[in-house]
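What follows is a set of notes on a single structure, which appears directly below.
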There are 2 protein chains.
Amino acid sequence: MDIKTLCLGLLSLNEACGYDLKKKFESLFKHFFAAGYGSIYPALADLAEAGLVDCREVPQNGRPARKVYSITESGRKHFQDALNSANPTHKLRSDFLVMMYFADQLDNDRLQLLLNSRVSAFGGVTAHIKNITDSWPSDSPAGARFVAGFGEAMAKAATQYIEENRHILKGHSQDQAKGQPRIRHTDLSQANHQPAATIEERV
Amino acid sequence: MDIKTLCLGLLSLNEACGYDLKKKFESLFKHFFAAGYGSIYPALADLAEAGLVDCREVPQNGRPARKVYSITESGRKHFQDALNSANPTHKLRSDFLVMMYFADQLDNDRLQLLLNSRVSAFGGVTAHIKNITDSWPSDSPAGARFVAGFGEAMAKAATQYIEENRHILKGHSQDQAKGQPRIRHTDLSQANHQPAATIEERV
DNA sequence: GACCAGATATATCGAAACGATAGTGTAGCT
DNA sequence: AGCTACACTATCGTTTCGATATATCTGGTC
């Protein structure tokens, strides 16, 4: 599902301008789908050109006019089709885990700092979700509650995992020699080399 | 952390060709960092041009020659710097959760299908991680075990959350009218409109 | 022996998305 | 008077994605 479709989906609930959509991304979708202006504005322009949304300019005193986009029947149908055809992805991209993978090239202070700030980032996610859901009425849509709960559950599980397992990671102490990995590593590059499983190699 | 840096990190452990790196991404990093050929090959070329890696061609019978990249001292230093300066991200991008957010525009069969295949996808993640870790020696690096465990923990927590909360989602039945949301939605577009919190709006 | 799927290895190209930045006036606070 | 936050627009260069092309060897099946 691309950003265009997502914007269309949000517009299927309420008409909105680009700025409104950005705010939604940063409140409702913050923990599972990020989108910046550089994605949203072109997406809206494309949707308008394709006739999936209408654009209406609402002038304001001083400020740039709001360009309010509202979904058309064609757009609504298009979104329904997208909901029913796509097989949805669910992808994590984590520099944090990459760094943890390379923990033995970090010194210990740095490692502990990274772990602590990740835990605190998950705390921030939890706080954010609590913050937005607190204002919801009791009849708020099930989907919204489901995804909020999912975010909470993930943040909690991640925090717990880190706290329970951080002890297995030990960065080297700072006065130790840096820059050379302290594990064996073996030449991989013979012509016609064997399948990886039969070669001694750092996992 | 961009793909270049990540490739450099992998090359700090073993020299490798583009194809080798791709395999690593698809085994070790599969659950938290994806990268395709379209990212890896340009990254290697850039690294070589910047002098952070050396490239050595190893001819093979029939097949295209392996271009084996090995990290230079400069490259190693560069990677250490990257490890110590970046504040790492950890981002989820989930079309699945987007769709769940729009659950009330899905019919029930489709909704159940999506939930089931997501659960089974998490099962696949768990199986994949078990598969790669089973072959590891007992002295395998702590970082690798930490990130593998993290993936397992997340897959487990996600599965559990879905199973325990899927009942709150109810897609409409198939014979019901489609295409119109059944919740109120209010015009957002008055000039100089109020802050969102004071307007009735679908969350 | 014929045949096909899959592994090994390279690489490119257009489309999509990211991330940072710019501009401009209002409102409110100190 | 000056500062910061907010409301709204928008662009632009870089990075990344995803699909595809090419070519040969290997291993298994009918």
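Because the structure is predicted, anything quoted here is derived from the model rather than measured. Chain letters run A, B, ... following the sequence lines, proteins first, then strands; residues in each count from 1. Side chains are part of it too, since the values below use all heavy atoms of this structure and drop only hydrogens, waters and symmetry mates.
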Report task. Could you go through the side-chain contact (heavy atoms from CB on, under 4.5 Å) check for B:Glu15 and B:Arg56 one step at a time? Result -> CA-CA 10 Å; B:Glu15 57 177 18; B:Arg56 174 166 51 90; 2.8 Å; yes

Query raised in the report: Stepwise, does the side chain to side chain donor-acceptor pair (under 3.5 Å) test hold for B:Asp54 with B:Ser70?
Result: CA-CA 5 Å; B:Asp54 287 330; B:Ser70 51; 4.8 Å; no

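Counting any heavy atom pair closer than 4.0 Å across all strands shown, A:Gly36 reaches no nucleic acid atom. At the heavy-atom level, A:Lys91 lies under 4.0 Å from the strands shown only through sugar-phosphate atoms.
At whole-Å resolution of the value, CZ in A:Phe33 and C1' in C:dC18 are 12 Å apart. Rounded to an integer number of Å, the gap from CG of A:Leu21 to P of C:dA17 is 15 Å. Between the P atom of D:dG18 and the CE atom of A:Met1 lies a distance of 14 Å, rounded to the nearest Å. Atom C1' of nucleotide D:dG18 and atom CZ of B:Phe25 are separated by 16 Å, given to the nearest angstrom. When the C1' atom of C:dA9 is taken as reference, atom CD of B:Glu26 falls 14 Å away, rounded to whole Å. What separates NZ of B:Lys22 from P of C:dT10 is a distance of 13 Å, to the nearest Å. Separating the CG atom of A:Asp20 from the P atom of D:dC6 is a distance of 15 Å, rounded to the nearest angstrom. Distance CZ (B:Phe29) to P (D:dT16): 15 Å, rounded to an integer number of Å.
The nucleotide whose nearest atom lies closest to any side-chain atom of B:Ile3 is, among D:dC17, C:dT10, C:dA17, D:dC17. The side chain of B:Asp2 lies closest to D:dT15 when the candidates are C:dA9, D:dT15, D:dC8. Side-chain proximity of A:Tyr37 to D:dT15, C:dT8, D:dA10: nearest is D:dA10.
Taking five base pairs at each end of the helix from C:dG1-D:dC30 to C:dT30-D:dA1, the local helix axes there meet at an angle of 30°, rounded to 10°.
Without hydrogens or angle criteria, B:Thr126 side chain to B:Ala155 main chain gives no donor-acceptor distance under 3.5 Å.
For B:Phe32 and A:Tyr101, the ring centers are positioned 6.0 Å apart or more.
A:Phe25 and A:Phe29 have perpendicular rings, their planes meeting at more than 60° on a 0 to 90° scale where under 30° would count as parallel. Between A:Phe150 and A:Phe146, the ring planes are tilted. Angles from 30° to 60° get that label.
For the pair A:Lys4 and C:dA17, the criterion of a side-chain N or O lying under 4.0 Å from OP1 or OP2 is not met. OP1 or OP2 of D:dC17 has at least one side-chain nitrogen or oxygen of A:Arg93 nearer than 4.0 Å. Between C:dT12 and B:Tyr41, no contact under 4.0 Å exists linking OP1 or OP2 to a side-chain N or O.
Pairs passing the salt bridge (charged side-chain N to carboxylate O under 4.0 Å, His left out) check and including a residue from residues 28-37 of chain B, sequence neighbours excluded, do not occur.
Ranked by how close their nearest DNA chain C nucleotide is to the 5' end, B:Tyr69 and A:Asp46 are led by B:Tyr69. Looking at which nucleotide of DNA chain D each of B:Ser39 and A:Tyr19 is closest to, the 5′-most match is held by A:Tyr19.
Note on B:Glu26 versus B:Lys22: salt bridge recorded, some NZ/NE/NH1/NH2 to OD/OE distance being below 4.0 Å.
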